[in-house]
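Please read the structure below before turning to the comments.
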Amino acid sequence: MFAGKKILVGICGGIAAYKICELVRELQRQGARIRTMLTPAATRFISPLTFASLTSAPAAVDLFAPSADDIEHIELAKWPDMIIITPATATTIAKCAHGLADNIVTATVLATRKPVMFIPAMNTGMWENPATANNVMRLHDFGYRVVEPEFGAMATRIEGAGAGRLPETETIISHVFQYQWPDKILDGVPLTITAGRTVEKIDPVRFISNHSTGRMGFAIANVAAAMGARVKLVHGPTHLRPPANVETFSVESARDMFEFTREHYPENGILIAAAAVADYRPLHYSCSKIKKQKDEFALPLIKNPDILLELKKLKNKSIHIGFALETNDVLANAAAKLSKKNLDFIVINNPVDEGAGFAFKTNKVKMLFPGGKILDFPLKDKLEVAAEILQNATRLLINKRATE
Ligand code: C5P
C-alpha cells in the first residue's frame, strides 16, 4: 500500500503514544520507510529507543542535535513524502496553529513543505474546548489535514462521554492511504458499493450464507474515497473495519441490502455490486429452533431480489459494474450476466486461481466489456485491482457525460 513511501511520524505526549508502535509496524508491513521524532512530553510516555528499534533509525528528540549534513529538523523536514503527527495533543496542535517551533516535532512541521496529517487524541474536554476547535480550524486553513478523533473508550475512562479517542490502526492506515493518493479523478462523484456476504436466517440459530469477507468491496470503497468519490458502502456481516471517509450501512439479508442500495442509488454516478448475495432464502422463517427429525430434511427456498437486475430499471446516466465468480464456462456465463443486467463491464474472478477470491488480500481478475473486449490482469493486491476497476469506471462515466 505504501511501497517505497517515506513517512515521518511525529509522536506527542499523550497516553495513546503507545499505540503508535503498532501503527509504525503496520506502515512498515505495507512497505513504508519510517523515521520518527518525539516531543519531550512523548518521551515521558514511551521511550525513543522503542521507535529507534522498530525503525532501525535514530528517533529524533533533540532540536539542537546536529545531523550529518544539516540541522536535524531541517533534514527531517526534507526527508519524507509525508508527515504524520500522532497522537496530536492539544498543545502540539496549538503550537503548530501559531507557528511555534520549540521542539523537534513542532520545528519540523514549521520547516517542512511536505504534506502533514494530524491525528489527534486527547481528553474530550480538551478536544471540545473552543481554543482547540479554533486551532484545528487554523490547521485546516493552513492546508494541513486533521483527522477527526473517534468516540469510545479512553484512558480517562469516561466511556461514551464524547470524541477524543485515537482511531484504530486500520482506520489510520486508511486515512494515510487516502491522503497520499495522487489523483482525485472521482472528485464529488456519487458511488455506491455492495460488499461482503448476506445472511438469510432459517431459525434463531441458523442461517444460509457464504465465504465472502467483503475485502474486495472494502478495497474499492477505500480507493474510491481516496479518488475523491462520495462513497456509500452497503455491506453484510464482516470483521473488516470500514475505510475512512465512507458512509456505511451494515445489513444482513439480501432484501435489506437491496432496500439500502436502492435508497442510496448513485444517480449520475457509479454503482458497483461486489457483494456475494445469496440467490435464495428460506421460504419460511421459524421463530423457534427447528428440531432434528427424520433422516432427510428439505428446506423450501425462495428467490431473493437480484439487486443489479432490479436497479437496471433506475439506470439512466450511471455506470453499473458487476462481479462474476464462476467455476465453469466462465466467459459465457459472465457475458450472459453482463447483458442481462445491462452492465458497463463485469469483473470476473476465478475461485480456483491461486491467491484470488474470498479472504485473500490479492485477486486475479478479468474485465469483460459489452462488445467482447477483455482486459486480463495478473495477480495484484486488491487495492490495485480496485484502482483498475475505478479508473475504467471513471473513463466510462466521463465518456457518458460527454455524449449527453
Ligand atoms: O447472477 P450472479 O449472482 O452470479 O451475478 C453476480 C453479480 O450480481 C454480482 O455483481 C453480485 O453482486 C450481483 N448480485 C446482485 N443481487 C443478487 C445476486 C447477485 O446484485 N441477488
Side-chain angles (χ1 to χ4, degrees), residues 191-202 206-221 224 231-240 242 246-266 270-285 299-315 318-330 333-351 356-360 363 365 367-368 382 385-386 389 393:
L191 190 145
T192 301
I193 305 174
T194 68
R197 64 202 178 104
T198 60
V199 160
E200 309 296 336
K201 287 184 175 162
I202 299 170
R206 303 180 181 100
F207 57 80
I208 298 172
S209 194
N210 58 64
H211 290 300
S212 172
T213 56
R215 263 190 203 288
M216 192 62 241
F218 276 53
I220 297 171
V231 183
K232 297 189 178 189
L233 172 63
V234 185
H235 67 85
T238 173
H239 68 281
L240 298 176
V246 164
E247 196 179 346
T248 52
F249 304 91
S250 174
V251 299
E252 278 203 343
S253 68
R255 282 180 296 175
D256 288 347
M257 187 172 271
F258 170 49
E259 288 306 330
F260 275 91
T261 312
R262 181 167 58 182
E263 196 180 323
H264 297 280
Y265 180 75
I270 300 171
L271 173 70
I272 303 180
V277 185
D279 291 329
Y280 294 91
R281 66 177 183 275
L283 179 59
H284 304 291
Y285 171 74
L299 183 70
L301 301 175
I302 184 165
K303 218 171 192 177
N304 266 329
D306 187 309
I307 302 169
L308 275 179
L309 200 57
E310 292 295 330
L311 294 184
K312 175 174 135 176
K313 297 172 197 155
L314 299 183
K315 189 173 178 192
S318 298
I319 299 294
H320 286 197
I321 299 161
F323 274 72
L325 188 129
E326 300 290 339
T327 49
N328 39 346
D329 293 332
V330 178
N333 279 321
K337 276 177 210 179
L338 181 77
S339 85
K340 185 174 167 204
K341 302 189 188 197
N342 188 17
L343 304 175
D344 295 273
F345 65 91
I346 191 157
V347 183
I348 305 170
N349 336 251
N350 190 335
F358 295 139
F360 286 103
N363 206 359
V365 304
M367 290 177 201
L368 174 66
K382 279 186 175 167
V385 175
I389 292 170

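Since the model is a prediction, treat every value here as computed from it, not as a measurement.
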Margin query: When you compare the side chains of Arg281 and Asn304, does any donor N or O come within less than 3.5 Å of an acceptor on the partner?
Written below: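 Yes, because at least one side-chain N or O of Arg281 sits under 3.5 Å from a partner of the opposite role on Asn304.
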Looking only at side-chain N and O atoms, does Glu326 offer a donor or acceptor that is under 3.5 Å from a partner on Asn349?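 There is no such pair between these side chains.
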Quiz prompt | Residue that, paired with Ile348, satisfies side chain to side chain contact (heavy atoms under 4.5 Å, CB included) out of Val365, Asn333, Leu325, Val330 | solution =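 Result for side chain to side chain contact (heavy atoms under 4.5 Å, CB included) with Ile348: Val330.
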Q | Test side chain to side chain contact (heavy atoms under 4.5 Å, CB included) applied to Phe323 and Leu343, Ile389, Thr194, Ile346, the passing residue | A |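 So, applying the side chain to side chain contact (heavy atoms under 4.5 Å, CB included) to Phe323 and each of Leu343, Ile389, Thr194, Ile346, only Ile389 qualifies.
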Mind listing the closest non-hydrogen atom pair of [X] and [Y] along with its distance?
X	Y	result
Ala254	Val277	CB-CG1, 3.4 Å
Thr198	Ser209	O-OG, 2.8 Å
His320	Asn342	CB-O, 4.3 Å
Ala195	Ala275	N-CB, 3.6 Å
Ile202	Pro282	CG1-CG, 3.7 Å
Arg197	Pro237	NE-O, 3.3 Å

If you measure from [atom1] on [X] to [atom2] on [Y], what distance do you get to the nearest 0.5 Å?
X	Y	atom1	atom2	result
Ile307	Glu310	CD1	CD	9.5 Å
His264	Leu233	NE2	CG	11.5 Å
Thr248	Leu240	OG1	CG	12.0 Å
Leu338	Met367	CG	CE	13.0 Å
Phe207	Glu252	CZ	CD	8.5 Å
Leu308	Lys312	CG	NZ	10.5 Å

Just checking Tyr280: does its OH atom have more than 12 heavy atoms from other residues, nucleotides or ligands closer to it than 6.0 angstrom?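 Atom OH in Tyr280 is not packed in, count stays at 12 or less.
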Flag if over 12 foreign heavy atoms under 6.0 Å of CZ, Phe258 =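 It does: Phe258 CZ has more than 12 such atoms within range.
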Under 4.5 Å between any side-chain heavy atoms of [X] and [Y], yes or no?
X	Y	value
Asp279	Lys303	no
Arg262	Leu314	yes
Val385	Met216	yes
Leu283	Leu301	no
Asn363	Arg215	no

For Lys315 and Asp344: C-alpha separation, side-chain torsions, deciding distance, then whether salt bridge (Lys or Arg N to Asp or Glu O under 4.0 Å) applies.
CA-CA 11 Å; Lys315 189 173 178 192; Asp344 295 273; 2.8 Å; yes
### Query
Side chain of Lys201, backbone of Ile208: donor and acceptor closer than 3.5 Å?
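Flag not set: sc Lys201 to bb Ile208 has no pair under 3.5 Å.
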* Judged by atom type as modelled, is there a donor-acceptor pair below 3.5 Å linking the side chain of Ser318 to the main-chain atoms of Pro266? ->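 The answer is yes, because a donor-acceptor pair under 3.5 Å joins these two groups.
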Parallel, tilted or perpendicular: rings of His235 and Phe218 (30°, 60°):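 The rings of Phe218 and His235 stand perpendicular, inter-plane angle above 60°.
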